[in-house]
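Keep in mind that the numbers below use all heavy atoms, side chains included, and drop hydrogens, waters and symmetry copies. Residues: numbered from 1 along the sequence shown.
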Amino acid sequence: MPVKISQLPAAIALTGSELIPIVQSGVTSRTTVAGIEAYVETVFGASGGSALVGFINSGTGAVATTVQTKLRQTFSVFDFLTAAEIVAVQTNTYTAVTSVATGFQSALTAAAGNNLFVPAGTYRIGSTLSIPSNTVVYGTGAGSVLAANQSAANFITTTSSSNVVLRDMKFNSAGTYSLVSTFTTCTNVLIQNVIFDGLRGGVTQSSTAFRSYGSTNITIENCQFYDFDSCVYLDKSGATVSDNVKVSTSLFKHTVTGQTDTPTGVYQLECAHLLVDGCTFVNIIGTVGGTQVGYSVYEGDGTGSVTTVVTNCLTTVSTAKAHVVVQSANCPTVMVENNRFYGTAAGVGQLCQVGTARGSVLVRGNRSSQGGIFILGGATAATALRFCVVDGNIIQKLEQSTSAIRIGVQGSYFVSYAEIKNNSSYCTLAGSLNISECEYAIVEGNTFLNWNTGNYATPTTYAYTAGIYWQQDTVVSYGVIRDNILKNDTKVGGDTGYCQYGIACESATAAARIQLYNNTIGTMLVANFVNCLAESGVYTPTLYNTANVAASTASPLTYSRNGNAVTVAGVVTLDPTAAAPTATQLGVSLPIASNFADSGNA
């Protein structure tokens, strides 16, 4: 009588030797449980076994796939390294294994279009790596280290790739090898949370951390750059310039000194549009004992730059070395806004130094200690900078032989139109504002205090140390100086030369084309200007007891000037020596310098 399987007694624990009937090619045969188990292990243990297992994620609308497809969405570098290479990476012990570049490149190639995970460890790279398009390469952070271990020029060289992401890793030098990552004619590159450590052998810097030749749409954010001659270098490939580059919230720092090249945080040689936002630059300085200048952002001598914007950045220099926060030579449009610079007394720093032909410059809302603003302009009157605005900046403790704000250079650099508004400077060594070779300028609402203070160990007087000094030009200049406050309590050399002037023009001829309105200059003088309209102030005069005056007392007097006429009002107290009709004569000093020949001119 047939027996149903359900009617059979329950089996005890299997041993593997139990017999099972199977049908092979139409013939019924027998095998064991162990045989079936071995077969299943063979099938699913093979390279294609994961393709036989299904996978579906949780959530409504999830689509079924296989385990193989799911796992291949992310590759791991360890998938392409031998056991010995993995040990070398995990222990950073390279003896028999000297480089894992071959396996790493195989991983990059296989992961094209997907994600490549770089597990924690130190990967010594002895040949150049290339990253394919549409690939995300990511690690665990500072624990995933790629160490340059070759003498070739480039550590990473990627050409014509698009949609490339490098994030959460650290690049450094193994020994004395240079660390350079080069991207040529690439598109859509994101470098995020990457540490670039360029120190070689604990002594010298590497040349460049990131280099672009003609690449576009590059974003570098939340990165750290240590000890490079040029941290980010932007150039062209053939006639194709780099374009649309954003460098944000990154740190640039030198921990050692002695490099031979001029160090730069971001070097814009041939880059059409550059934005540097929210970055910090620390001790990016020149050669010890040399004359090189360090730069936070440098727009060099190329011709492909269109726009440079540097905003919300912090620069600090703790040694007595030269540094310029923003240097621009040829970029037509430059904006320097809301940055902070803290230099040293002998560091010869500049917040910005811009020499742009036929373009426009905006310097606004910056704060600087030991760094001035220098707008060079174009090299000829025909190529003069068309428009510049210097607005709302604060400059203090500028211990250099130059003005806090300088527009143009006599006979050398030219500006068509300038607005210098709402700026403040305090405690500068050689004047607050110097204007030269500027066709038209408006100077309005500024506060300039204590210029020519002589804070160097050996005080020196400088020729152009008026609060506002307009130099004689080779171009015909016009302008307005109005609503400014100028006060100089400390004057090196006393009231001599231009030290005594709040506002001065080198030439009376040029001064005749410049209007002065409602400036407050205290007891300071005005030199060479005749068009002083509605100028006013308060001063305490010196009294001269000329005749029949036993004693006199001066109170603060108010004055106003309209053209060549000056009106003084107030109260002075005197005690005559003799009663009337004895003639009494009291001399009162003037608030503004005059060319009176005698007392009868007053």
Side-chain angles (χ1 to χ4, degrees), residues 404 423-428 430-433 443-454 461 464-470 480-506 508 511 514-547 549-575 584-602:
N423 302 283
S424 299
S425 72
Y426 174 77
C427 196
T428 59
S432 297
L433 170 62
V443 182
E444 180 179 12
N446 303 283
T447 300
F448 298 138
L449 305 176
N450 287 4
W451 58 91
N452 191 231
T453 54
T461 57
Y464 311 126
T465 52
I468 298 174
Y469 188 82
W470 204 306
V480 176
I481 302 175
R482 65 190 178 203
D483 300 321
N484 301 282
I485 298 174
L486 301 102
K487 186 177 181 182
N488 193 15
D489 293 330
T490 307
K491 292 165 280 187
V492 176
D495 289 329
T496 60
Y498 287 105
C499 301
Q500 60 188 314
Y501 295 110
I503 305 173
C505 188
E506 189 176 11
I514 301 168
Q515 302 291 325
L516 272 62
Y517 295 86
N518 200 34
N519 298 285
T520 300
I521 61 173
T523 59
M524 302 299 294
L525 303 179
V526 175
N528 287 332
F529 287 97
V530 295
N531 298 317
C532 300
L533 304 180
E535 179 187 353
S536 63
V538 177
Y539 83 112
T540 300
T542 300
L543 301 182
Y544 303 94
N545 301 332
T546 306
V549 179
S552 61
T553 303
S555 299
L557 306 181
T558 62
Y559 73 92
S560 62
R561 176 176 179 175
N562 193 333
N564 288 329
V566 178
T567 301
V568 177
V571 176
V572 295
T573 302
L574 61 87
D575 181 13
T584 301
Q585 186 177 358
L586 177 69
V588 181
S589 66
L590 300 176
I592 294 174
S594 75
N595 59 357
F596 292 163
D598 56 55
S599 59
N601 295 137

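With values rounded to the nearest 0.5 angstrom, N446 atom CG is found 5.0 Å from N484 atom CG. Here the CD1 atom belonging to I514 is positioned 4.5 Å from the SG atom belonging to C505, to the nearest 0.5 angstrom. The distance from the CG atom of L574 to the OG1 atom of T584 is 7.0 Å, given to the nearest 0.5 Å. Between the CG atom in N519 and the CG atom in D483 there is a gap of 7.0 Å [rounded to 0.5 Å]. Rounded to the nearest 0.5 Å, atoms OG1 (T447) and CD1 (I485) are 4.5 Å apart. The CD1 atom of I481 sits 9.0 Å away from atom CG of L486, with the distance rounded to the nearest 0.5 Å.
Proximity of L449 to K487: side-chain heavy atoms (C-beta onward) are separated by under 4.5 Å at one or more points. The shortest distance between side-chain heavy atoms of L557 and Y539 falls below 4.5 Å. V568 is not listed as a side-chain neighbour of V588, based on a closest heavy-atom distance of 4.5 Å or more.
The side chain to side chain contact (heavy atoms under 4.5 Å, CB included) test applied to T546 returns Y544, Q585, not counting sequence neighbours. Partners of D575 under the side chain to side chain donor-acceptor pair (under 3.5 Å) rule, at least two apart in sequence or in another chain, do not exist in this structure. Qualifying side chain to side chain donor-acceptor pair (under 3.5 Å) partners for S552, counting only residues two or more places apart in sequence or in other chains: N545.
The two atoms that bring N423 and F448 nearest to each other are O-CE2, 4.4 Å, heavy atoms only. Scanning both residues, A554 and P541, for their nearest heavy atoms gives CB-O, 3.6 Å.
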